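What follows is a set of notes on a single structure, which appears directly below.
Below, all heavy atoms of this structure are taken into account, side chains as well, without hydrogens, waters or symmetry copies. Order of listing sets the numbers, starting from 1, for every ligand and every atom in it. Since the structure is predicted, the reported quantities are computational estimates derived from the model, not experimental observations.
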Amino acid sequence: MDRSIDRLKADIFARNAGEPEFHQAVAEVLDTLGPVLDRHPEYFELAVIRRLSEPERQIIFRVPWVDDNGHVQINRGYRVEFSSALGPYKGGLRFHPSVNLGIVKFLGFEQIFKNSLTGMPIGGGKGGADFDPRGRSEREIMAFCQSFMSELFRHIGEHTDVPAGDIGVGGREIGYMFGQYKRLTNRFEAGVLTGKGMTWGGSLVRPEATGYGTVLFAQEMLGAAGDDLEGKRVAVSGSGNVAIYAIEKAQSLGAKVVTASDSSGAIHDPDGINLEVLKQLKLVDRGRISEYVDRVGGRSEFLAEPGAIWRVPVDIALPCATQNELDGEAAAVLIENGVRVVAEGANMPCTKAAAERFRAEDGVLFGPAKAANAGGVATSALEMQQNAQRDSWSFEHTETRLTEIMRDIHTRCQETAGEYGKPDDYVLGANIAGFSRVVDAMLAQGVV
Ligand code: NDP
């Protein structure tokens, strides 16, 4: 048997041709597993990595719906149920025109290790559709969500597969999908979706959890280096769910956040982002980011050029928008400008070149998405616990749990990386710790 990681990667790439994001996510994990495979050569015979990189189930379906002009629209829906070794498949749904099978597989693959790293009983999955919610009316959004759930409902359940939100899917969309699931099944099965509204089974802190968790993880990384967030200048990208609450938490811990962005460009406000204005603009009015400058004035400016956001000198960078938004060139500029900590709020926002640069740079701490943004899914698991107990916890209690979970993830990464001689390598620590827990469970359950 050829026991080389390169051979394994080549086989997986050939088997999943035309899926560059999936290849990138697989390579990012496999490239760090050499030391584990040296200790456990039996993993090759047991085909552990081949099994993990092949989803347990992939569902692709037609989503027909009628727009406001009476025209029939057709989208493509996906749910990739990757691994149930640790619990029901768990991971969000993304509605964005760029969604395709390769993107859903990259997100689902990442989710296996992220969920494992939380220490909670959740497997990995992901889904979505190539539907663009932008510019659609409320009625169109509801029609789409209902049609999407009319197929998805037969594949999910509180003990089977528990979707949540992601890009383009927030509380509103979860509400429409939950309503349709309830209608089709005639069951109020609260634990089938997470990210629900507070009056019908949602958890306090879930909306904030991914952004808060990312900042808490950055704070842990700084703490391990004897520093904290007080007075630090921070660049956040995005202005959606993750970005907004990352800004909120960073500000509450004394940092000054000076940027935000959306797909049309970025804003730089050297006096610190006015979060009240940003929330009204993005969460309520659903406007474009450039309008922030019109509303706030002062020294704020709009940066139209792609990548300009990463040229603003900062101590901490939190990419919170989308995959591959921060490339090798941007990483070099951030390093030159003195960045100390980079924590990924989005999934795989750093290209391979950017991540490698940050990891190789002495004095820069790099927190990969699997660890840094795991607070969202961890709080989804807390929502499932509350649903199972028919209980709802206070904000303080839930936030304390989130804080403990992020601290535990940080410790797990550091200790595991330390075992392999590189305590500051959070990529190594996150990948090996996440991989080891899921593999133990897989092997105990036999060849299934
Ligand atoms: P939202 O839809 O709430 O926000 C996404 C933000 O990113 C928007 O500001 C959007 O701008 C911007 N964006 C999207 N695509 C692009 C692009 N191609 N170029 C530039 N900006 C873009 O999504 P979330 O905040 O929920 O998700 C953001 C990231 O965090 C994703 O990678 C997601 O997978 C990850 N994540 C989310 C979790 C959650 O709990 N929500 C949990 C863990 C990870 P615009 O409005 O113009 O589209």
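- The two residues Leu281 and Arg288 come nearest to each other via the heavy atoms CD2-O, 3.5 Å.
- Within the structure, every pair that satisfies the ring pair (Phe, Tyr, Trp, His ring centres under 6.0 Å) test and touches residues 302-358, not counting sequence neighbours, is listed here: Phe358-Phe366.
- The residues lining ligand 1, counting any heavy atom closer than 4.0 Å, are Arg94, His96, Arg134, Asp166, Ile167, Gly168, Arg206, Thr210, Gly238, Ser239, Gly240, Asn241, Val242, Ser261, Asp262, Ser263, Arg288, Cys320, Ala321, Thr322, Gly345, Ala346, Asn347, Asn373.
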Item checked: From CA spacing to verdict: side chain to side chain donor-acceptor pair (under 3.5 Å), Ser137, Asp68 -> CA-CA 8 Å; Ser137 69; Asp68 284 347; 2.6 Å; yes
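- In this view, Phe61 and Phe148 satisfy the ring pair (Phe, Tyr, Trp, His ring centres under 6.0 Å) rule, not counting sequence neighbours.
- Ring-centre distance between Phe144 and Phe131: below the 6.0 Å cut-off.
- Sorted by first and then second residue, the ring pair (Phe, Tyr, Trp, His ring centres under 6.0 Å) pairs with a member in residues 151-179 read Phe178-Phe188, Phe178-Trp200; sequence neighbours excluded.
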